[in-house]
Amino acid sequence: MKYYVTTSIAYVNAAPHIGYAMELLEADVLARAARQRGEQVIFCTGTDEHGSKVAQKAAEAGKTPKAFADEVSEHFRELTKLLGISNDRFIRTTDAGHEKRAALIWKGLEKDIYKAKYIGWYDVRQEEFVPESQADPARMKPDHPQAYQRLEEENYFFRLSKYNDIIREKIESGEFQVIPETRRNEILSVLREGLEDISISRPKEKLDWGIPVPGDAKQVMYVWVEALMNYLTVLGYPEHQDFKDYWPANVQVVGKDITRFHAAIWPAMLLSLGLPLAKQLYVHSFITVNGEKMSKSIGNVISPAEVVKKFGLDPFRYYFLRHIPSYNDGDFSWDNYERAYNNELANELGNAVQRTAAMVQKYLGGAVGNVTPAQHDDKPVREAISECRFDRALDEIWDQVRGLNQYIDEEKPWEIAKDPGDKEHLTEVLTSQVADLLQIADLLVPFMPETSEKIKAVFESGVIKPIEGTLFPKLDKPDADTKKK
RNA sequence: CGCGGGAUGGAGCAGCGGCAGCUCGCGUGGCUCAUAACCACGAGGUCCCAGGUUCGAGUCCUGGUCCCGCAACCA
């Protein structure tokens, strides 16, 4: 089985933040889970580098657009390393391959492309024309700080309207699955109102930081449309075997701000090319900090590196995957983060590992023999992952962790150990604990790969190899802190 | 009548027609294998308001009220 998963590609006008970090994590879980099932996986992420905003930022920094993009793109690449993201490829829209293949895609779309004059309000920040009906009247005044520009341009247009009903039908039938349901309803309502054709090029004289339109040296491709093409170009569209094997994508992970691009424009492009749509579009929400939107002016921007630094990588992955709701906006606060770390990771999981290892060592001389992972029902976890409900998947896994702690308290191995004649029963109980932990470790593979391996390393051989220090050392204990490093 | 999300014990959330549930926090007890960890029990709720449908309504319908966002980098 082939499995293809993508994130959106990040626009390189600013440094990475935790919202995008979460998107990477979610896609990473899907990729790791698929690999664990034995599928062949291609998992791609990357950076989107053309367009006026990048050109503008670069000019401000006194750099060429390419040099500027190189720099910021590198930050995103570092982010994937920082977060242990298992992406197979990292595409940049300035890659020669992308530029070449984007031109081929354009040609493939040509039957739905026509030239027309466009006059309208242009939002520089969003890099898009704003329909008269949606434009903010205040911003039509030139002295407004975010004033629209009145642009009149000769552009190429794409017949988006032509595909409106087909897309709607495919979403309604479930052939193209948009999750969660609120996002699906949202896009269906957009489709019910009807899509208009969109401008997909810019005159080169106004902006030359883009990919030229094939056969028209005076125009470059509109950055949004060109960026979407990455999902195909990264597979080597049209001739490479990977494209033939891996398209359509199993899941495309995007943020809710770009739902329309991925649930309407991108599908229309695919239909125009005669290609199937992605099977699933998972739209995640946003992260607030202490209930407030992250913003530099409030001064509450959290950088991924800062959070990773506190407890390390796996707790970061854990928190954002479990405590930011997969289908809703969620909140980050250092208090909640510490609480989750102490209660759930250190006390519940870490301690379960610790007490089990200690008892095996103390009562059985460190050996339990060959243990196979327990067979508790893992269907709820698998189903949650297939619905991109990462929070729920971890809830389910934690039911097992709690269940194990309950089991230990019920069986009281330390009582059994007092009776030397009961060694068999004792072994049985401890073996069962180890089996539970091995299954938990298995289930954690996509979410917390390091932790999963650490747990396996302790128990897998049948002879306990204790963890150096502790699995999740408590932070607020001074001695634990020094022991950690 | 712009659009979307929301209102459920102190906090955060789930439930979406059938005995109000989970986590945290709080209280009490138990335990001693363990990272002052673990386990059990308990207190705490007019499920925003008003109507309606129904044998039965957080749950469905109608009409209100109130909150949040319009979205990730400083425009």
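None of the values given here were measured: they were computed from a predicted structure. In what follows, chains carry the letters A, B, and so on, assigned in the order in which the sequence lines appear, proteins first and then strands, with residues in each chain numbered from 1. All values below come from the heavy atoms of this structure, side chains included, with hydrogens, waters and symmetry mates left out.
- Note: CZ (A:Phe332) to C1' (B:C13) measures 18 Å, nearest angstrom.
- Whole-Å rounding puts the A:His323 NE2 to B:C22 P distance at 17 Å.
- Within the structure, a side-chain polar atom (N or O) of A:Arg402 is placed less than 4.0 Å from OP1 or OP2 of B:U23.
- For the pair A:Leu404 CG and B:C38 C1', the interatomic distance rounds to 11 Å; values are reported in whole Å.
- Of all nucleotides listed (B:C38, B:A37, B:C33), B:C38 comes nearest to the side chain of A:Asn405.
- Using a 4.0 Å heavy-atom cutoff across all strands shown, A:Asp395 reaches no nucleic acid atom at all.
- For the P atoms, the distance from B:G42 to B:G52 is 38 Å, rounded to whole Å.
- Going from the C1' atom of B:G6 to that of B:C13 covers 12 Å, rounded to whole Å.
- Nucleotides B:A71 and B:C66 have their P atoms positioned 24 Å apart, rounded to a whole Å.
- In this structure, A:His17 atom NE2 and B:C73 atom C1' are separated by 7 Å, rounded to whole Å.
- Rounded to whole Å, the C1' atom of B:G44 lies 11 Å from the corresponding atom of B:G27.
- Checking B:C73, B:G4, B:U35 against the side-chain heavy atoms of A:Leu471 singles out B:U35 as nearest.
- The side chain of A:Glu344 has B:U23 as its nearest neighbour among B:C33, B:G15, B:U23.
- The pair A:Glu306-A:Lys309 does not count as a salt bridge, with every side-chain nitrogen at least 4.0 angstrom from each carboxylate oxygen.
- Nucleotides B:A43 and B:U23 have their P atoms positioned 15 Å apart, rounded to a whole Å.
- A:Tyr363 comes within 4.0 angstrom of sugar-phosphate atoms only, judged by non-hydrogen atoms across all strands, and of no base.
- Side-chain contact annotation: A:Arg402 with A:Asn405, donor-acceptor N/O pair under 3.5 Å absent.
- Contact annotation for A:Lys256: base contact, defined as any heavy-atom pair under 4.0 Å involving a base atom.
- Using modelled atom types and a 3.5 Å distance limit, the side chains of A:Thr470 and A:Gln354 yield no donor-acceptor pair.
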(request) Map every base of RNA chain B to its dot-bracket character, where paired means a Watson-Crick or G-U wobble contact with both distances under 3.5 Å and | marks a partner outside the strand. (result) .((((((..((((....[..)))).(((((.......))))).....(((((..]....))))))))))).....
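- Of the listed residues (A:Asp314, A:Asp391, A:Asp395), just one forms a salt bridge (charged side-chain N to carboxylate O under 4.0 Å, His left out) with A:Arg322, and that residue is A:Asp395.
- Separating the C1' atom of B:C60 from that of B:C3 is a span of 24 Å, rounded to the nearest Å.
- Nucleotide B:G64 is shown with an anti base, its glycosidic torsion being more than 90° from 0.
- The nearest whole Å value for the distance from the CG atom in A:Asp257 to the P atom in B:A71 is 10 Å.
- Across B:U53 and B:U65, the matching C1' atoms stand 23 Å from one another, rounded to whole Å.
- Across all strands shown, A:Glu415 has heavy atoms under 4.0 Å from sugar-phosphate atoms exclusively, and none from any base.
- Both A:Ser285 and A:Ala352 lie close to RNA chain B; mapped to their nearest nucleotides by heavy-atom distance, the more 5′-ward contact belongs to A:Ala352.
- A donor-acceptor contact shorter than 3.5 Å links the side chain of A:Trp209 to the backbone of A:Glu49.
- Across the protein-nucleic acid pair, A:Glu348 atom CD and B:A34 atom C1' stand 14 Å apart, rounded to whole Å.
- Ring pair A:Phe332/A:Tyr337 is tilted by interplanar angle, where 30° to 60° counts as tilted.
- At the heavy-atom level, A:Arg322 lies nowhere under 4.0 Å from the strands shown.
- Here the nucleotide nearest the side chain of A:Trp414, chosen from B:G15, B:A37, B:C33, is B:C33.
- For the pair A:Glu60 CD and B:A75 C1', the interatomic distance rounds to 10 Å; values are reported in whole Å.
- Within the nucleic acid shown, A:Ala346 comes within 4.0 Å of at least one base atom, counting heavy atoms only.
- Under 3.5 Å, the side chains of A:His262 and A:Gln252 contain no donor-acceptor pair of N or O atoms.
- Residue A:Ala358 places its side chain closer to B:A34 than to any other of B:C24, B:G4, B:A34.
- With C1' as the reference atom, B:G9 and B:G18 are 23 Å apart, rounded to whole Å.
- Proximity of A:Gln406 to the phosphate of B:C39: no side-chain N or O atom is located under 4.0 Å from OP1 or OP2.
- At whole-Å resolution of the value, CD1 in A:Ile258 and P in B:G4 are 20 Å apart.
- In this structure, A:Asn342 does not reach the B:U35 phosphate: none of its side-chain N or O atoms is under 4.0 Å from OP1 or OP2.
- Comparing A:Arg339 and A:Phe472, the nucleotide of RNA chain B nearest to each residue sits closer to the 5' end for A:Arg339.
- Side chain to side chain, A:Trp398 and A:Glu348 meet the donor-acceptor criterion of an N or O pair below 3.5 Å.
- Here the nucleotide nearest the side chain of A:Asn343, chosen from B:C24, B:C73, B:A37, is B:C24.
- Taking a 6.0 Å sphere around NZ of A:Lys66, one finds it holds more than 12 heavy atoms contributed by other residues, nucleotides or ligands.
- Within the 4.0 angstrom heavy-atom criterion, no nucleotide atom of any strand lies near A:Asn336.
- Using the six-membered ring where Trp is involved, A:Tyr282 and A:Tyr327 have ring planes that are tilted, between 30° and 60° apart.
- No N or O donor and acceptor, one from the side chain of A:Asn351 and one from the base of B:A37, sit under 3.5 Å apart.
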